[in-house]
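Just the heavy atoms: all of them, side chains too, but no hydrogens, waters or symmetry mates, feed the values below.
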Amino acid sequence: MERQSDYYALMCGLQELDFQGKAVPSDLVLTGEHAFPLSMNPRGQVLMAASRYGQGRLVVLGHEEYLTRFPGLVENILAWLMPVCADSITVGIQKSLHSLASNLCYSSMKTKVDDFQSGFAVFVSDAYSVDANAKDLVAFLKAGGGLLIAGQAWSWAKANPGQNTLLSFPGNKVCSVAGIYFSEHPGELGKFPVPMQIPSSWLAVSIGKDFKDDLKALLKGVSEFDIQGGAIASEVMAHGPLAFPIGLTSGGRAFIAGAYHGQGRVIVTTHEGYMGRDALSTFWINAIRWLDEGRNGVIGVSPNLKDAHRILSQSGLNCQFTGLRDDLSVFVCTSYSDAQSQEIQEFVAEGGGLLIGGHAWYWAQCNPNRNVMTECPANHILSKMGLCIMGSTLESGLYPAQQVTAEGTPQAYHFRDLLQRFAGHVTKGQELTDQDHECLKKLRHDCENYLRMQAHDSASYTSVVNLLTDMVKEAGVPQVCNSCPIESAKDKLLLHVGSEVYKVCQNPDALLPFIITDIPNLPSVSNARIRVSANTGDGEEWISTGLYLSPGMRTFVAVPAEIMDKGWQLQIGCQTDHLGHADVLRRAPVVHERFALDKDMLQVWNLWGGLIYLIAPPKCKLDGVEVIVQTAIKAPYYKSGETSVANWMNEIRNAPAPWAELEFENIIITLQSEVIRQLDRPDEVAFPRKERFVADVQISHGFMHAGYPIMILSCSAPELVNPESARKFGIWGAIHELGHNQQRWAWEFPPNTTECTCNLWSVYVHEEVLGVNRASAHENMSPERRWGRAQSYAMGGRQLDQWSMWTALETYMQLQDRFGWDAFKKVFTAYHTINNVPGDNNGKMNLYAETFSKVVNMNLAPFFKAWGWPIQPSTEDALSSLPVWSDHPMAQYDC
């Protein structure tokens, strides 16, 4: 809002700007969070811009002739630049611009034509002669002064071939600190209207710089990056117009990146240990020289980076252990503290170099409910420089360096460049290269992460949001469903981007029809009162409300004091699987949303709609508090012990929401409402443990998978609510997934038992609850197959690497045949009181053998040894006083 009000003040009274004539401006590059365009041509080139730095304000015009061509605009600019509280109101005007002073002689402004000096409130200069006073002008701006600088750099670039315009053009030595650069590209001329809002265009997202010269300097003598070993790196995203990837995995994910920021430069590596690797020393010496920019100054190295200091000292530069100092040329540090974030940003913006290292994946693991893009300390430093360290990890490996040719780096991926080309592809039909198509998956990933920065105070960020919003409106989002799956990279990118930009754009309701074209108008209820009770253990618990929100539907929730700001959350949507890696999509990748209940009145919504849940935190005890939902849609919701069968049949099962829930004492099943419309007796559907099932058209992996909730495909939903079929034919798969949720690390021996011990519950439930014999429940449980597996394993040498799944299950089944289910119940109970469980499989297997033996009061060591378990002499000694189980089933195979 501040930026928009600044724009109004600057462009007040102007309807059109005529840039026709011989004065050809420079295209201005905007990178700073406060920089915004004042005028933009149809090609997306910025011809005028404004920004802030420190306490001061800056306006840049792309040609010095505009100082006299647009007198009304210049008066607006000078008024905006004038400090609110200043000892002086004098506008200083550089001597070469005396004609401007003549134009202003009739205004109320006090002007003085002279070189820059203290005492001015505002100073006006061309862009060609400011380098002599660059430091003083930056200090003046930072302290609260106003600067108006005008000029173009394209003719300077022609006269200085091989020079880096971004760094060496005189005007950039001042304007760049506020995130505005003169580029070597001439601007297209014409008459352009002055829009009511800050101008934006998808064409302005990228500046088309290939960073060829930078990469040549950085990669000189570097053929590969060795990041093998145990130092796990994060991925870094180069999202700014002047940021670029340097070290890349084979999949194009960056672990080293660089950027221009103001007058300075930065390089980030996503593990600080890499800075001390001898195998990377050539690159780091190149990097430190690139950051030093030929100053041969002091390189300050944080005292905790001793190996980095040793390697960088080989550059011949003066490397000193020190903290951040103003007199340093380059500062080398880690990224784990943001205590000096502003000082570091200003150090670089005003000409310093920064080499910074660290990962973000550990922070992300320790802060699972926080946004790594906005809250991680590293990104408090780096995001303003066009870089972000992400929570994702990279595989260690030996990766080739980018090949820099005379034409540039055609294989290099750059976020903004490809985003601009993709926008042109879907809105204008522009062709993409084969390499572009290969990178669309990464672009999708980067768009999601970038949008989650939610840096709405940054013009650079809002320009990308505007681009994506316009792109979704122009191209639309494919309408994915079970009968209309999508698989092309283009369609998946549009679906992902549509979902994410909806959350952050200025007017999501206006965008909704372009994302979901058919939203049914369902009848709603008002002020639904939900009584909430909870008694949770070590994990969170979903509490069903029986309410639903349609896609994009917003409602307010009144939160009682008993649960407000105490870790409770509200979730919309029952499907929590993320389908980001699926080759084919039958629904959107993420269709749930969570909100912290940290206010007494909270507005909630979800693009894709969904059932409403309250999420109780661990170790929470609560009885009968009331949550009020302002507007929602009733869902078919049966709760055992509270819902009568008559009410279910006559009313509840016909509730309009498309999702339904059946909640029993020990199980909750969530499925599409169409499955239960004809269900007459929900009271007959039950399972033995407190779990959740959700049936959906697509899940993240497999036919079913465990978790909370257990996910199954919709085609399996009918068998969950058909007790008669379950008692006749069984439901092995569903109970198998329930079994996964009961497995515990202390008595699991992965990977051998991962798909084995979960089936203990499959056998138990079928025989003890459903009355289905184990041999009928699954063909692999027939006596013939069981006997054949045991024999084959014994004859094959009893090798533990062959002891898994069905073969491993036979070990437990032989124990069950002899000692019954009560023995297992007692063993699992015993583990609740066992401390200091060994961390390795061998130790845990000995503990299990000893525990089971003591429960059944029999020495089972010979039995487990017959199965190839690594039973230790100490375990045998501990069990030696117990009677030996000598006639166990595996004894027949002993030689």
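Side chains of Asn164 and Tyr260: a donor-acceptor N/O pair is present below 3.5 angstrom, by distance only. Side-chain contact, His380 with Asp338: a donor N or O sits under 3.5 Å from an acceptor N or O. Between the side chains of Gln420 and Asp417, no donor N or O sits under 3.5 Å from an acceptor N or O. Donor-acceptor pairing under 3.5 Å is lacking for the side chains of Glu375 and Asn371. A donor-acceptor pair shorter than 3.5 Å cannot be found between the side chains of Gln454 and Thr374. At a cut-off of 3.5 Å, with distance as the only test, no side-chain donor of Ser26 or Gln152 sits close to an acceptor on the other residue.
Heavy-atom neighbours of Lys220 NZ from other residues, nucleotides or ligands within 6.0 Å: at or below the threshold of 12. With a 6.0 Å radius and a threshold of 12 heavy atoms from other residues, nucleotides or ligands, Gln55 has its CD atom at or below the threshold. Heavy atoms from other residues, nucleotides or ligands lying under 6.0 Å from CD of Gln15 number 12 at most. Within 6.0 Å of CD on Gln506 lie no more than 12 heavy atoms contributed by other residues, nucleotides or ligands. The local environment of CD in Gln342 is sparse, with at most 12 non-hydrogen atoms from other residues, nucleotides or ligands closer than 6.0 Å. In this structure, Asp326 places its CG atom where only 12 or fewer heavy-atom neighbours from other residues, nucleotides or ligands lie under 6.0 Å away.
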For a ring pair (Phe, Tyr, Trp, His ring centres under 6.0 Å) check, start with the C-alpha distance between Phe19 and Tyr66, then their side-chain angles and the critical distance, and finish with the verdict. CA-CA 9 Å; Phe19 290 96; Tyr66 300 159; 5.1 Å; yes

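The shortest side-chain heavy-atom distance between Leu355 and Trp284 falls under the 4.5 Å cut-off. Residues Met390 and Asp446 form a side-chain contact, since some pair of their non-hydrogen atoms from C-beta on lies under 4.5 Å apart. Using a 4.5 Å cut-off on side-chain heavy atoms (C-beta onward), Pro377 and Tyr336 make no contact.
Between Ala257 and Val236, the shortest heavy-atom contact is CB-CG1, 3.9 Å.
One finds a salt bridge joining Glu350 and Lys142 here, because a Lys/Arg side-chain nitrogen approaches an Asp/Glu carboxylate oxygen to under 4.0 Å. Salt-bridge formation is not detected for the pair Asp27/Arg43: no Lys NZ or Arg NE/NH1/NH2 atom is positioned less than 4.0 Å from an Asp or Glu carboxylate oxygen.
Judged as a side chain to side chain contact (heavy atoms under 4.5 Å, CB included), and not counting sequence neighbours, the contacts of Ala360 are Ser234, Val372, Cys376, Ile389.
Rounding to the nearest 0.5 angstrom, the gap separating the CZ atom in Phe283 from the CD1 atom in Ile256 is 4.5 Å. In this structure, Leu317 CG and Ile299 CD1 are separated by 5.0 Å, a value rounded to the nearest 0.5 Å. With rounding to the nearest 0.5 angstrom, the CG atom of Leu141 is 11.5 Å from the CZ atom of Arg57.
Listed for the Asn133 side chain is no donor-acceptor partner under 3.5 Å among the backbone atoms of Leu137. Formation of a donor-acceptor pair under 3.5 Å by the Arg295 side chain with backbone atoms of Asp292 is found in this model. With Gln402 contributing its side chain and Pro245 its backbone, the two residues share a donor-acceptor pair below 3.5 Å.
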Donor-acceptor contacts, no H, no angles, side chain residues 189-199, under 3.5 Å, sequence neighbours left out:
none

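With Leu61 as the partner, the side chain to side chain contact (heavy atoms under 4.5 Å, CB included) test is satisfied by one option alone out of Ile77, Ile149, Asp126: Ile77.
Below 30°, between 30° and 60°, or above 60°: for Tyr450 and Tyr461 the angle between ring planes is between 30° and 60°, a tilted geometry.
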